[in-house]
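Please read these numbers as outputs of a predicted model, since none were measured by experiment.
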Amino acid sequence: MNLSIEVFLQLLANEKCQTKDIAAKQDITIRTAQRAIKEIKVAFDKSVVLNQYFQLKKIGHAYSIDQKYLLDQNQVLILIKILIASRSLNSTELPRLTNKMLDMLTLQERDVVSESVMTERITDNYLTDESFRIEKMGQLEQYIYHKQKIRFVYTDRYPSEIPNIETIEMLPIHTFFDNLYFFIIGLVKDTQEYRTFRIDWMDKIEPIHLKIPMEHSKYHDHGRETRYEAFGYQGKKTRIQFEYYGYMEYIQDIFPSCKVIKTIDKPNRFPFSVKVLEIEVNYSDGIKLWLLGETTILRVLSPKSIADDIRDTLREGYERYLE
């Protein structure tokens with residue numbers, strides 16, 4: 001192998017090296033090592049492609065190579081923490097992915113990040129379903145990119161203790177992550193409607209080489225719709241008004257469409273003024289779950305049908321404690 005390439009690889013593998021380190025590793029003279037370093041610098045200066053991805057740095061008497069296309073220490077740290085907290089990958093995928101991210105760093109940076117996330121990484125905190133998501137997500141994105149219709153077997157475990165198993169044919173539109181799970185939304189052949197599926201419940205995914213009539217002008221803009229949804233559920237567009245007794249920014253982060261209608265004079269055991277807020281949502285079981293989870297700090301005012309639904313559900317839950 002060319003000596004300059006050998007030195008280049010040595011610099012990539014080490015945080016920084018002096019010419020004497022290079023000479024000892026390659027079994028060459030210091031002058032020859034200096035010449036190899038110079039050749040690498042000239043190659044970087046002349047090549048737009050190499051200069052785009054690598055930078056030869058000299059600090060004191062030591063040389064190092066920065067890999068511009070890799071994530072830096074802070075980026076790797078925050079992404080690993082988000083990945084672990086999301087609990088979205090299984091016990092094989094998560095360590096494999098986080099180790100690859102750590103490999104982007106220098107030895108010292110790797111130690112800093114590893115120390116920071118050590119307790120989270122060794123905690124057995126994975127989802128019950130050990131399905132492999134990364135490969136399946138990649139496969140589905142290929143179908144989406146090529147506008148390829150697909151068929152798959154779907155096991156829906158939400159409706160009852162006995163799963164509902166069906167074969168679905170659809171045009172996949174968009175994948176997304178919400179509240180622990182990955183989902184895909186697509187235009188289903190039989191109903192000609194958009195429907196959302198949990199990706200880990202999909203099996204035997206295959207492309208369909210048959211023509212399925214579908215209206216492409218109804219393209220679902222999921223990037224826009226996510227601001228109106230919760231927990232991967234779809235629903236009907238609705239405006240909900242409620243009294244709110246908590247921290248405003250929390251609502252604004254979850255529902256960017258949130259509007260303050262007015263501030264009202266009501267007692268509040270929390271240190272905030274009471275406001276009437278309005279959010280525009282696709283009302284679904286997901287939004288209902290969110291409202292029920294926040295009943296200590298809000299009271300739904302309208303629409304009446306939703307206010308009644310929340311009240312009746314809370315009463316039903318309360319009565320369970322009277323048994």
Side-chain angles (χ1 to χ4, degrees), residues 83 86-94 96-97 126-238 255 257 280-290 306 309:
L83 269 174
S86 75
R87 299 180 60 221
S88 56
L89 302 176
N90 67 30
S91 57
T92 301
E93 290 176 313
L94 182 62
R96 188 180 294 167
L97 179 56
Y126 301 101
L127 297 181
T128 304
D129 190 317
E130 278 282 304
S131 299
F132 286 84
R133 284 128 173 118
I134 294 178
E135 186 175 341
K136 194 177 288 186
M137 281 279 290
Q139 177 188 15
L140 290 170
E141 285 296 341
Q142 286 293 322
Y143 292 141
I144 291 170
Y145 179 78
H146 294 289
K147 297 181 173 57
Q148 174 69 62
K149 302 172 185 72
I150 62 173
R151 178 189 294 119
F152 58 91
V153 176
Y154 190 64
T155 304
D156 190 348
R157 295 183 172 88
Y158 281 137
S160 69
E161 193 169 338
I162 301 174
N164 178 41
I165 302 175
E166 56 184 323
T167 298
I168 303 293
E169 294 180 342
M170 75 173 191
L171 175 68
I173 300 295
H174 187 74
T175 61
F176 63 98
F177 174 78
D178 194 334
N179 191 44
L180 301 178
Y181 308 115
F182 291 98
F183 298 89
I184 186 168
I185 188 166
L187 191 57
V188 177
K189 172 192 172 184
D190 293 339
T191 61
Q192 288 288 292
E193 293 179 343
Y194 292 105
R195 185 174 162 189
T196 300
F197 301 91
R198 257 182 65 171
I199 287 176
D200 52 316
W201 289 354
M202 297 168 63
D203 293 299
K204 300 180 181 178
I205 305 169
E206 60 181 0
I208 298 176
H209 301 292
L210 299 173
K211 187 173 182 180
I212 301 176
M214 292 186 175
E215 179 52 65
H216 291 273
S217 63
K218 291 171 61 180
Y219 188 85
H220 183 84
D221 185 355
H222 185 77
R224 184 179 61 186
E225 292 299 312
T226 50
R227 69 180 64 189
Y228 307 119
E229 298 172 351
F231 305 131
Y233 289 89
Q234 291 176 271
K236 184 178 180 181
K237 190 64 61 67
T238 310
F255 300 105
S257 65
E280 186 177 11
V281 297
N282 294 332
Y283 189 68
S284 65
D285 286 343
I287 299 296
K288 180 178 177 179
L289 283 170
W290 180 82
I306 294 178
D309 187 23

Exercise. Quick check: does any side chain N or O of R133 sit under 3.5 Å from a backbone N or O of S131, one acting as donor and the other as acceptor?
Worked result: yes
Exercise. Got Y143 and L171 here, is their nearest side-chain heavy-atom distance under 4.5 Å?
Worked result: no
For this session: Please assess K237 against Y283 for the test side chain to side chain contact (heavy atoms under 4.5 Å, CB included), listing each intermediate value before the final yes or no.
Result: CA-CA 6 Å; K237 190 64 61 67; Y283 189 68; over 6 Å; no
Problem set entry | Test item: R87 side-chain N/O and L180 main-chain N/O as donor-acceptor pair under 3.5 Å | no
For this session: Please report the C-alpha distance between T92 and F132 in whole Å, then the side-chain angles of each, then the deciding distance to 0.1 Å, and finally whether the side chain to side chain contact (heavy atoms under 4.5 Å, CB included) criterion is met.
Result: CA-CA 8 Å; T92 301; F132 286 84; 3.9 Å; yes
Exercise. Any ion pair linking K136 and E93 (charged N to carboxylate O, less than 4.0 Å)?
Worked result: no
Seminar exercise, completed: Separation between CG (D200) and CZ (R157), nearest 0.5 Å, reads 8.0 Å
For this session: Kindly indicate whether the side chain of E193, heavy atoms from C-beta on, has any atom under 4.5 Å from the side chain of V188.
Result: no
For this session: Flag the pair F152 / K204 as yes when at least one side-chain heavy-atom distance between them is below 4.5 Å, and no otherwise.
Result: no
Seminar exercise, completed: The reported gap from CD1 in I134 to CG in L89 (rounded to nearest 0.5 angstrom) is 5.0 Å
For this session: Test the R198-F183 pair against the cation-pi criterion, namely NZ or CZ under 6.0 angstrom from the six-membered ring centroid and within 45° of the ring axis.
Result: no
Exercise. Can you tell if the side chain of N282 reaches within under 4.5 Å of the side chain of T238, non-hydrogen atoms only?
Worked result: no
Exercise. Passes side chain to side chain contact (heavy atoms under 4.5 Å, CB included), I184 versus T196? Steps please.
Worked result: CA-CA 6 Å; I184 186 168; T196 300; over 6 Å; no
For this session: Flag the pair Y181 / W201 as yes when their ring centroid distance falls below 6.0 Å, and as no otherwise.
Result: no
Exercise. If you take all heavy atoms of E130 and N90, which pair is closest and at what distance?
Worked result: O-ND2, 3.0 Å
Exercise. Would you say I165 and V153 make side-chain contact, with heavy atoms under 4.5 Å?
Worked result: yes
Exercise. With E141, which residues qualify under salt bridge (charged side-chain N to carboxylate O under 4.0 Å, His left out), at least two apart?
Worked result: none
Exercise. Roughly how far, to the nearest 0.5 Å, is the CG atom of L97 from the OG atom of S88?
Worked result: 9.0 Å
For this session: Measure up the F182 and F177 rings against each other and bin them: parallel (under 30°), tilted (30 to 60°), perpendicular (over 60°).
Result: tilted
Problem set entry | Minimum heavy-atom distance between F255 and I287, given as atom pair plus value | CE2-CD1, 3.8 Å
Exercise. With side chains defined as the heavy atoms from C-beta onward, is the minimum distance between I168 and R195 less than 4.5 Å?
Worked result: yes
For this session: Find out whether P172 and I150 are in side-chain contact, i.e. whether some heavy atom of one side chain is under 4.5 Å from a heavy atom of the other.
Result: yes
Problem set entry | From CZ (R151) to CE (M202), nearest 0.5 Å | 13.0 Å
Problem set entry | Minimum-distance pair of heavy atoms, taken over all atoms of E166 and N164 | OE2-ND2, 3.8 Å
For this session: Report the C-alpha separation of I199 and M137 in whole Å, then their side-chain angles, then the decisive distance to 0.1 Å, and conclude whether the side chain to side chain contact (heavy atoms under 4.5 Å, CB included) test is met.
Result: CA-CA 8 Å; I199 287 176; M137 281 279 290; 3.3 Å; yes
For this session: Name the orientation class of the two ring planes belonging to F176 and H174 (parallel below 30°, tilted from 30 to 60°, perpendicular beyond 60°).
Result: parallel
Exercise. If you count the non-hydrogen atoms of other residues, nucleotides and ligands that lie under 6.0 Å from CZ in R96, is the total more than 12?
Worked result: no
Exercise. Less than 4.5 Å apart, any side-chain heavy atom of M170 and any of K189?
Worked result: no
Problem set entry | Nearest-0.5 Å distance, CD1 of residue I185 to CD1 of residue I144 | 10.5 Å
Exercise. Between the side chain of Q148 and the main-chain N/O of I208, is any donor-acceptor distance below 3.5 Å?
Worked result: yes
